[in-house]
Amino acid sequence: QVQLVEFGGGLVQAGGSLRLSCTASGRTFSSYHVGWFRQAPGKEREFVARISWSDTTSYADSVKGRFTISRINAQNTVYLYMASLKPEDTAVYYCAAGRTLATAPSEYNYWGQGTQVTVSS
């Protein structure tokens, strides 16, 4: 069992930056693939970025070039650095962990409770 907690959400103006963190319990976190997802009101949860246990990364087209995912396994933490934020980035952001490298939310076994990111226009 893995417990995930997100931090770093808040209110930011368009064009600004935020860094989200996802901290996990457990000593084997380094063996998990970790993804970031987001869900806006009235919309489905969507993939944002993922990082494998070997540090390979992948991004949704909507955030490519603006967001960066990274991990520090010794701290059981994954980060999502968000730059050049747009109002359409407004959503609750979730981190998730799983044994399968995937994009679909259903492939992830463990989820955090989410952190709100609001980008004002």
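FYI, side chains are in, hydrogens and waters are out, and symmetry mates aren't considered; it's all heavy atoms of this structure. All values derive from a computational prediction rather than experimental measurement. Numbers for residues simply follow the sequence, beginning at 1.
Annotation: side-chain contact (heavy atoms from CB on, under 4.5 Å) contacts of T23 (sequence neighbours excluded): T77. Every residue two or more places apart in sequence or in another chain that forms a side-chain contact (heavy atoms from CB on, under 4.5 Å) with E46 is listed here: R38. Taking R66 as the reference, V63, S84, K86, D89 meet the side-chain contact (heavy atoms from CB on, under 4.5 Å) condition, with sequence neighbours excluded. Scored by the side-chain hydrogen bond (donor to acceptor under 3.5 Å, both in side chains) test, N109 finds no partners at all (sequence neighbours excluded). Scanning for ring pair (Phe, Tyr, Trp, His ring centres under 6.0 Å) contacts around Y108 gives F37, with sequence neighbours left out. With sequence neighbours left out, the side-chain contact (heavy atoms from CB on, under 4.5 Å) criterion links T56 to S52, S54. The side-chain hydrogen bond (donor to acceptor under 3.5 Å, both in side chains) test applied to K43 returns no partner, not counting sequence neighbours. With sequence neighbours excluded, no residue satisfies side-chain hydrogen bond (donor to acceptor under 3.5 Å, both in side chains) with Q113.
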Intermediate values then yes/no, side-chain contact (heavy atoms from CB on, under 4.5 Å), V117 and T90: CA-CA 5 Å; V117 172; T90 296; 5.9 Å; no
Steps toward side-chain contact (heavy atoms from CB on, under 4.5 Å) verdict (L101, R50): CA-CA 8 Å; L101 184 61; R50 70 185 184 210; 3.7 Å; yes
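Here the closest heavy-atom approach between residue C22 and residue W36 is recorded as CB-CZ2, 3.6 Å. Residues Q116 and V92 come closest through the heavy atom pair OE1-CG2, 3.2 Å. Contact between L18 and G8 at its shortest, heavy atoms only, is CD2-O, 3.9 Å. Residues V2 and A24 come closest through the heavy atom pair CG1-CB, 3.9 Å.
V78 places a side-chain heavy atom less than 4.5 Å from the side chain of I69. R99 is listed as a side-chain neighbour of S31, based on a closest heavy-atom distance under 4.5 Å. A 4.5 Å side-chain heavy-atom check between V12 and T118 finds every atom pair outside the cut-off.
Note that OG1 of T57 and CZ of R71 are 11.5 Å apart. Values are rounded to the nearest 0.5 Å. In this structure, CG on L85 lies 10.0 Å from OG on S120, to the nearest 0.5 angstrom. For the atom pair CZ of F67 and OH of Y59, the computed distance is 10.5 Å after rounding to the nearest 0.5 Å. The distance from the OG atom of S70 to the CG atom of L80 is 8.5 Å, given to the nearest 0.5 Å. Taking CD of E88 as the reference point, atom OG of S62 lies at 9.0 Å (rounded to 0.5 Å). A distance of 5.5 Å separates OH of Y93 from CE of M82, quoted to the nearest 0.5 Å.
The aromatic rings of Y32 and Y110 stand perpendicular to each other, their planes meeting at an angle above 60°, with 30° marking the opposite boundary.
Connection of F47 to Y81 is not established within any shared hydrophobic cluster, with ILVMFWY side chains joined at heavy-atom distances below 4.5 Å, either directly or through further cluster members. Cluster membership for L20 and Y94, using ILVMFWY side-chain heavy atoms within less than 4.5 angstrom, is not shared.
Side chain of H33 to main chain of G98: no donor-acceptor pair is present (N/O by atom type, distance under 3.5 Å, no hydrogens or angles).
Every pair tested for disulfide (SG to SG under 2.5 Å) that includes a residue from residues 30-70 fails, sequence neighbours excluded, so the list is empty. Applying the disulfide (SG to SG under 2.5 Å) definition to pairs two or more places apart or across chains, none involves residues 58-88.
In the hydrophobic clustering, V5 connects to F7, either directly or through intervening members, whenever side-chain heavy atoms lie under 4.5 Å apart. Within the hydrophobic cluster formed by Ile, Leu, Val, Met, Phe, Trp and Tyr side chains joined at under 4.5 Å, directly or through other members, Y79 is accompanied by I72.
For R45 and W111, the positive end sits near the middle of the six-membered ring, less than 6.0 Å away and at most 45° from its axis.
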